[in-house]
Amino acid sequence: MNILVTGGAGYIGSHTVVELQNAGHNVVVIDNLSNSKAKSLNRVTEITGKKVDFFEIDIRDFNALDSLLNKYKFDCCIHFAGLKAVGESVQKPLEYYDNNVCGTVTLLRALNKHNCKNIIFSSSACVYGNPEIIPITENCPKGNCTNPYGATKSMIEDIMMDLYKSDSNWNIVLLRYFNPIGAHQSGKIGENPNGIPNNLMPYITQVAVGKRDELSVFGNDYDTHDGTGVRDYIHVIDLARGHVCALNAIKENCGLEIFNLGTGHGYSVLDVVNAFEKVNGLKIPYVIKPRRAGDVPVCYADASKAEKILKWHAEFNLEDMCRDSWNWQKNNPNGYGD
Ligand code: NAD
Ligand code: UFG
């Protein structure tokens, strides 16, 4: 298939481009490089041996999208482009609503105009808020998002649902990701956060590489097996392959479908620290700090719907994720910035 990937220079996007090219799809990437480097796509080519057609385009730029869509005929768009830093979204809500929500509306208008009515969207487990059901099924009601970033994901889902109601020629797959970590086994592509990482794994790898002194563990008084927060960490390669499987659903005119992409296993912060230390033979110094505002105690998926319908399940375990995250970081201490 001919696939348009928005945000394809980023962390999940670049891994997905690898899997798409390996599966024989033709890929065009657009990205405004606001949180990535085009170098990631050169690395993709080193892995797959295939060139990536790249255009520096902002999804809010209707005219640029319009002329791209005049030139290429796409079977599906996989839409990763968006800002994703939870804390920053609290400081800069208008930027987040403009970039994520207005950007997606502009993208949908352009796709609609060119009759490309197939889209796979990067949603998030954060739409469940503090989940009512654990493990979380897709039927779990959406919850209150505690930050503008999460609100943009929930709003975009609603916009896409309304679009589908208005025109059932659309096929829309909403993928609710749990916590992607890990990197391609080659060590050539991986997560490249700007500044101080918000997320657990990049923070751990930066402690391991000597950029940060110690990890802060946010809270050890949750009702979990060791008191620290529990999440469903999923290898980014598994996540990327989930998109390739979702294309089959699109091909079969699935209409609007929602899938959780997680492993179904919950690990605590200290489980991750211990696994990282064990598999990599390193020590990660940490201190216990108060709970982080907005964090939920426990969040992990029931991923059986994706298994049943997409024939997809996660194959990598926590040790694989810790090994591959470290392999990326130690080979690229400054990310793509070298
Ligand atoms: P990322 O920041 O590495 O990738 C996003 C890409 O989108 C970047 O390359 C950025 O430059 C680009 N971009 C942002 N705004 C754009 C715009 N207006 N026009 C064009 N390009 C734009 O993030 P990621 O971790 O790869 O996340 C990909 C998607 O998955 C995002 O939508 C994110 O919200 C979602 N998601 C991520 C996680 C996670 O933990 N990483 C979890 C759930 C959902
Ligand atoms: N944590 C620490 N110390 C840190 C960073 C995180 O103890 O330095 C803890 C958190 O308190 C939490 C766990 O590690 O218990 C995971 O935190 P992350 O920030 O890595 O991930 P979150 O679950 O908070 O959120 C992530 C993404 C969101 C996404 C969500 C669900 O940041 O964008 O997963 O997919 F929506």
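All values below come from the heavy atoms of this structure, side chains included, with hydrogens, waters and symmetry mates left out. Atoms within a ligand are numbered from 1 in the order they appear, just like the ligands themselves. We're numbering straight along the sequence, starting at 1. A quick note: this is a predicted structure, and the numbers were derived from the prediction, not measured.
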Flag for His25-Asp75: side-chain donor and acceptor within less than 3.5 Å: no
For Gly229, the ligand 2 atoms whose distance to one of its heavy atoms is below 4.0 Å: 15 (O)
From the candidates Ile12, Asn194, Ile181, Ile156, the one that places a heavy atom nearest atom 26 (O) of ligand 1: Ile12
Contacting atoms of ligand 2, where contact means under 4.0 angstrom from a heavy atom of Val217: 7 (O)
Leu200 and ligand 2 - part of the residue with a heavy-atom distance under 4.0 Å: both
For atom 27 (C) of ligand 2, the protein heavy atom that lies nearest, with its residue and separation: Asn199 ND2, 3.7 Å
Per-atom contacts of ligand 2 with Asn198, taking only distances under 4.0 Å to non-hydrogen atoms: 5 (C), 19 (O)
Asn99 and ligand 1 - part of the residue with a heavy-atom distance under 4.0 Å: side chain
Val230 and ligand 2 - part of the residue with a heavy-atom distance under 4.0 Å: neither
Closest protein heavy atom (residue, atom, distance) for atom 4 (C) of ligand 2: Phe218 CE1, 3.3 Å
Thr45-Lys51 side chain donor-acceptor pair, cut-off 3.5 Å: no
Donor-acceptor contact below 3.5 Å, side chain Asn260 vs main chain Gly262: no
Nearest non-hydrogen protein atom, atom 24 (O) of ligand 2: Arg292 NH2, 2.9 Å
Parallel, tilted or perpendicular: ring planes of His15 versus His184, cut at 30 and 60 degrees: tilted
N/O separation below 3.5 Å, Ser216 to ligand 2: yes
Test item, Lys153 contacting ligand 1 (heavy atom, 4.0 angstrom): yes
Ligand 1 contact on Ile30 by region, counting heavy-atom pairs under 4.0 Å: neither
Identity and distance of the protein heavy atom lying nearest atom 34 (O) of ligand 1: Tyr149 OH, 2.7 Å
Arg43-Tyr336 side chain donor-acceptor pair, cut-off 3.5 Å: no
Part of Tyr149 with heavy atoms under 4.0 Å of ligand 2, whether side chain, backbone, both or neither: side chain
Residues Lys84 and Glu191 bridged, charged N to O under 4.0 Å: yes
Test salt bridge (charged side-chain N to carboxylate O under 4.0 Å, His left out) applied to Glu138 and Lys305, step by step: CA-CA 8 Å; Glu138 292 82 356; Lys305 184 179 175 198; 5.6 Å; no
Identity and separation of the nearest protein heavy atom to atom 23 (O) of ligand 2: Arg231 NE, 2.6 Å
Short N or O distance, Phe80 and ligand 1, threshold 3.5 Å exclusive: yes
Shortest heavy-atom approach to atom 26 (C) of ligand 2 - which of Asn179, Asn220, Ile204, Asp232: Asn179
Residue and atom name of the nearest protein heavy atom (relative to atom 9 (C) of ligand 2), distance in Å to one decimal: Val269 CG2, 3.6 Å
Which of the ligand 2 atoms, numbered from 1, are nearer than 4.0 Å to a heavy atom of Phe178: 31 (C), 35 (O)
Contact atoms of ligand 1, heavy-atom distance to Leu33 under 4.0 Å: 11 (O)
Close approach, Pro180 and ligand 1, non-hydrogen under 4.0 angstrom: yes
Atom 8 (C) of ligand 1 [closest protein heavy-atom partner, distance rounded to 0.1 Å]: Asp31 OD2, 3.6 Å
Per-atom contacts, ligand 1 versus Ile57 - under 4.0 Å to a heavy atom: 19 (N), 20 (C)
Asp295 neighbourhood, listing ligand 2 atoms whose heavy-atom distance to it stays under 4.0 Å: 10 (C), 11 (O), 12 (C), 24 (O)
Shortest protein heavy-atom distance from atom 24 (P) of ligand 1, along with the residue and atom involved: Lys84 NZ, 3.7 Å
Aromatic centroids of Trp170 and Phe121 separated by under 6.0 Å: no
Between OG on residue Ser124 and CG on residue Leu175, distance to nearest 0.5 Å: 11.5 Å
Enumerated ligand 1 atoms positioned under 4.0 Å from heavy atoms of Ser36: 8 (C), 9 (O), 11 (O)
Ligand 2 versus Tyr233: contacting region, heavy-atom distance under 4.0 Å: side chain
Pick from Tyr177, Phe121, Tyr11: the one approaching atom 44 (C) of ligand 1 most closely through a non-hydrogen atom: Tyr177
Residue and atom name of the nearest protein heavy atom (relative to atom 36 (F) of ligand 2), distance in Å to one decimal: Ser124 OG, 2.5 Å
Which segment of Ser123 sits under 4.0 Å of ligand 1 when only heavy atoms are counted: backbone
Part of Glu191 within contact of ligand 1 (heavy atoms, under 4.0 Å): neither
Phe80 ring center near His243 ring center (under 6.0 Å): yes
Mode of Asn192 contact toward ligand 1 - side chain, backbone, both, neither (heavy atoms, under 4.0 Å): neither
Qualifying residue for side chain to side chain contact (heavy atoms under 4.5 Å, CB included) with Thr263, from Asp232, Asn179, Asp238: Asp232
